[in-house]
Amino acid sequence: MRLSRYFLPVLKENPAEAQIVSHRYMLRAGMIKQQQAGIYSWLPLGLKVLRNIERIVHEEQGRAGHIPVLMPTMQPADLWRESGRYDAYGPEMLRIRDRHERDMLFGPTNEEMITDIFRAHVESYKQLPMTLYQIQWKFRDEVRPRFGVMRGREFLMKDGYNFDLSYEDAMHAYNRHMVSYLRTYERMGLQAIPMRADSGPIGGDDTHEFLVLASTGESEVFYDSAITDLKFGDRAVDFDDRAGLEAIVKEWTTPYARTDETHDVSLFHEIPAERQKSSRGIEVGQIFYFGTKYSEPMGATVTTPDGARVPVHMGSHGIGVSRLVGAIIEASHDDKGIIWPEGVTPFHCGIVNLKQGDGATDAACEAIYSGLVAKGLEPLYDDTEDRAGAKFATMDLIGLPWRITVGPRGLANGEVELTSRRTGESETMSPEAAVERVAGIYAGL
RNA sequence: CGGAGCGUAGCGCAGCCUGGUAGCGCACCUGCUUCGGGAGCAGGGGGUCGGAGGUUCGAAUCCUCUCGCUCCGACCA
């Protein structure tokens with residue numbers, strides 16, 4: 001993409017309403033525009049990041065054998081009356097009435113609807129196990145939205161639901177989700193720690209929240225530093241291997257890690273003092289097992305091998321997709337702007353032309369641009385008439401992890417500059433070598 | 001939902017107290033110069049002062065109502 005033809009409305013000054021760094025940078029980098037309290041338009045740069053996060057979630061869900069669906073945002077109230085949650089949910093649920101005076105709602109979550117789909121089409125244990133998921137907009141009418149997309153009213157969320165014949169099978173689904181989530185977050189450049197949690201309004205027995213450590217997090221968290229040393233890395237996972245998954249889950253849930261809601265001081269003090277850590281955390285996902293809480297009242301049953309009719313065991317599993325955009329920025333930025341992890345960056349590499357209109361410089365930039373495109377990468381080429389300083393400031397703000405700087409001075413020696421946004425370190429090399437280097441960085445992702 | 005604020009040009013703000021017909025910086029447009037870390041000079045365009053009602057000869061300014069947004073708290077993915 002050429003910046004001269006792109007829509008990137010960056011702001012030099014900080015918008016008054018933005019308090020935390022991710023909100024400020026998302027507004028300044030032209031990623032979002034607020035339309036109402038807690039409701040945002042996604043501008044091109046923000047949308048690219050959002051789509052990248054979605055893509056990673058889809059890929060990892062697919063790897064775990066989960067099946068995508070898409071349910072409507074608008075749901076009939078009657079479905080929620082069946083589960084008893086229409087009255088239980090409270091004012092966070094946005095209730096709407098259509099022209100025929102029928103009660104509807106903008107879904108804050110989808111247990112009822114997915115259960116309705118399941119009961120309509122699944123009759124036999126032979127069709128289990130099954131996990132369906134979607135990435136869809138949700139609405140929760142928060143009393144006080146704030147922190148930009150970190151706590152909006154409308155938000156994009158991946159919500160998945162497993163259907164299993166037994167508690168044991170459902171726990172395998174639980175483990176499958178935990179492991180796939182660990183992979184998912186790591187691919188986004190995040191360390192998200194599973195912490196034992198409260199089940200809240202979804203209800204249930206077993207539940208873990210995934211928290212990203214960041215000073216602006218909404219929750220106070222306590223953990224054994226041993227857990228932050230764990231890396232998922234590129235280990236192979238067989239999602240059908242129950243014992244294997246159980247071992248991984250055990251590895252990640254054994255060290256103490258809890259939010260203030262479930263914090264147990266005496267357990268915490270059993271860890272060596274130097275490993276007792278507390279911090280703030282941003283919740284970016286949660287997994288639940290809740291058994292037959294919905295399947296029983298809503299009649300989601302299957303026939304067992306011996307002919308009995310039993311309600312299925314269920315769980316639900318969420319990832320805050322839009323919230324992750326903010327969480328990643330909270331976890332990865334400096335005083336100049338965002339620093340995107342390679343896995344989610346909106347463009348793979350920036351190209352800064354220091355002397356637009358200079359024949360040799362323009363040609364070198366074009367060659368680098370087409371070289372990167374030929375490697376399957378998406379560069380952002382700043383071909384505007386701005387001065388060098390302004391171009392650097394914009395690139396730093398929008399946070400592309402790599403930048404190739406091209407100017408007459410370097411080109412005289414046949415060299416351009418490759419700069420890491422994260423470290424700020426630069427190396428000079430030939431334009432061809434720079435293209436190769438950048439391609440190499442992304443080859444493993 | 002309790003408490004506190006704020007709505008004036010795309011963004012950040014001043015003007016309001018003490019009424020007299022709107023201003024600054026950035027951004028934008030034109031020209032010249034400049035050109036490796038948010039350039040300089042000159043010229044220019046853009047505002048129903050959130051909305052409605054009222055007081056007044058006259059309202060951004062005073063009064064009433066209303067809508068929106070923000071912050072602190074309680075609540076929450």
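Note that the coordinates shown come from a computational prediction; the quantities given were computed from them, not determined experimentally. Each chain gets a letter, A, B and so on, in the order the sequences are listed, and its residues count up from 1.
- Across all strands shown, rC32(B) forms a Watson-Crick or G-U wobble pair, both distances under 3.5 Å, with rG40(B).
- Within 6.0 Å of CD on E246(A) lie no more than 12 heavy atoms contributed by other residues, nucleotides or ligands.
- Mapping V143(A) and R146(A) onto RNA chain B by nearest heavy atom places V143(A) at the nucleotide closer to the 5' end.
- Comparing rC76(B), rA74(B), rC26(B) by their closest approach to the side chain of E13(A) singles out rC26(B).
- The base of rG12(B) is not paired with the side chain of R24(A) by any donor and acceptor separated by under 3.5 Å.
- For R387(A) against rU34(B), a side-chain N or O and a base N or O form a donor-acceptor pair under 3.5 Å.
- Judged by ring centres under 5.5 Å apart and planes tilted less than 30 degrees, F392(A) fails to stack against the six-membered base ring of rG38(B).
- Picking from rC11(B), rA77(B), rG38(B) the nucleotide with the shortest atom distance to the side chain of Q286(A) gives rA77(B).
- Across all strands shown, the partner of rC26(B) is rG10(B), judged by Watson-Crick or G-U wobble contacts whose two distances both fall under 3.5 Å.
- Rounded to whole Å, the separation between the C1' atoms of rG37(B) and rU21(B) comes to 45 Å.
- Checking rU64(B) for Watson-Crick or G-U wobble geometry (two distances, each under 3.5 Å) identifies rA52(B) as its partner.
- Atom CD of Q34(A) and atom C1' of rC6(B) are 14 Å apart (whole Å).
- Contact between the side-chain N/O atoms of Q19(A) and the OP1/OP2 oxygens of rC72(B) is not found at any separation under 4.0 Å.
- When the C1' atom is compared between rC16(B) and rA59(B), the two are found 10 Å apart, to the nearest whole Å.
- When each of V406(A) and G38(A) is assigned the nucleotide of RNA chain B with its nearest heavy atom, V406(A) is the one assigned upstream, toward the 5' end.
- Here G320(A) lies out of heavy-atom contact (under 4.0 Å) with every strand.
- Scanning atom types as modelled, no donor and acceptor separated by under 3.5 angstrom connect the side chain of Q36(A) and the base of rG68(B).
- With distances taken from any side-chain atom of R144(A) to the nucleotides rG38(B), rU70(B), rC72(B), the minimum falls on rC72(B).
- The CD1-P distance, from I319(A) to rA77(B), rounds to 16 Å in whole Å.
- Here the side chains of Y442(A) and W402(A) are in contact, with some heavy-atom distance below 4.5 Å.
- For R323(A), taking side-chain heavy atoms from C-beta onward, the closest of the listed nucleotides rG36(B), rC76(B), rA77(B) is rA77(B).
- Using a 4.0 Å heavy-atom criterion, one finds that G285(A) contacts no nucleic acid atom at all.
- To the nearest 0.5 Å, atom NZ of residue K391(A) and atom CG of residue L354(A) are 7.0 Å apart.
- Using a 4.5 Å heavy-atom threshold, the side chains of E296(A) and K293(A) count as separate.
- With rounding to the nearest 0.5 angstrom, the CD1 atom of I20(A) is 12.5 Å from the OH atom of Y25(A).
- Searching all strands for a Watson-Crick or G-U wobble partner of rC16(B) with both distances below 3.5 Å returns nothing.
- Heavy atoms of N14(A) sit under 4.0 angstrom from primed sugar atoms or phosphate atoms, though from no base atom.
- Residues R437(A) and E427(A) are paired through a salt bridge, judged by an N-O separation under 4.0 Å between the basic side chain and the carboxylate.
- Comparing the C1' positions of rA74(B) and rU61(B) gives a spacing of 37 Å, expressed to the nearest Å.
- A heavy-atom distance below 4.5 Å is found between the side chains of D159(A) and Q134(A).
- Of all nucleotides listed (rA77(B), rC13(B), rG37(B)), rC13(B) comes nearest to the side chain of A16(A).
- Heavy atoms of A393(A) sit under 4.0 angstrom from at least one base atom.
- The nearest whole Å value for the distance from the CD atom in E417(A) to the P atom in rG37(B) is 11 Å.
- The CD atom of E385(A) sits 12 Å away from the P atom of rC29(B) (whole-angstrom rounding).
- Between rG50(B) and rA14(B), the two P atoms lie 14 Å apart (nearest whole Å).
- Between the C1' atoms of rC24(B) and rC1(B), the separation comes to 40 Å (whole Å).
- Comparing the C1' positions of rC41(B) and rG36(B) gives an interatomic distance of 23 Å, to the nearest angstrom.
- Across rG25(B) and rA9(B), the matching P atoms stand 16 Å from one another, rounded to whole Å.
- Pair check for rA77(B) finds none; no Watson-Crick or G-U wobble contact set falls under 3.5 Å.
- A close approach under 4.0 Å does not occur between any side-chain nitrogen or oxygen of K12(A) and OP1 or OP2 of rG38(B).
- Look at rA4(B): its Watson-Crick or wobble partner, with both distances under 3.5 angstrom, is rU70(B).
- Taking only side-chain nitrogens and oxygens, R151(A) never comes nearer than 4.0 Å to OP1 or OP2 of rC75(B).
- Spacing between atom CD of E283(A) and atom P of rA77(B) amounts to 6 Å, rounded to whole angstrom units.
- Side-chain atoms of F288(A) and H208(A), non-hydrogen and from C-beta on, never get closer than 4.5 Å to each other.
- Nearest to the side chain of R403(A), among rG38(B), rA77(B), rG37(B), sits rG37(B).
- As a whole-Å value, the separation of E220(A) CD from rC76(B) P is 16 Å.
- Distance CD (E17(A)) to C1' (rG10(B)): 13 Å, rounded to an integer number of Å.
- Annotation: rG10(B) and rG47(B) have their C1' atoms spaced 12 Å apart (nearest Å).
- Proximity note for E142(A) (side chain, C-beta onward) versus rG37(B), rC72(B), rA77(B): the nearest is rA77(B).
- In this structure, I32(A) and V149(A) have side chains that are in contact, with non-hydrogen atoms separated by less than 4.5 Å.
- In this structure, the CD atom of E261(A) is 12 Å from the C1' atom of rA77(B), given to the nearest Å.
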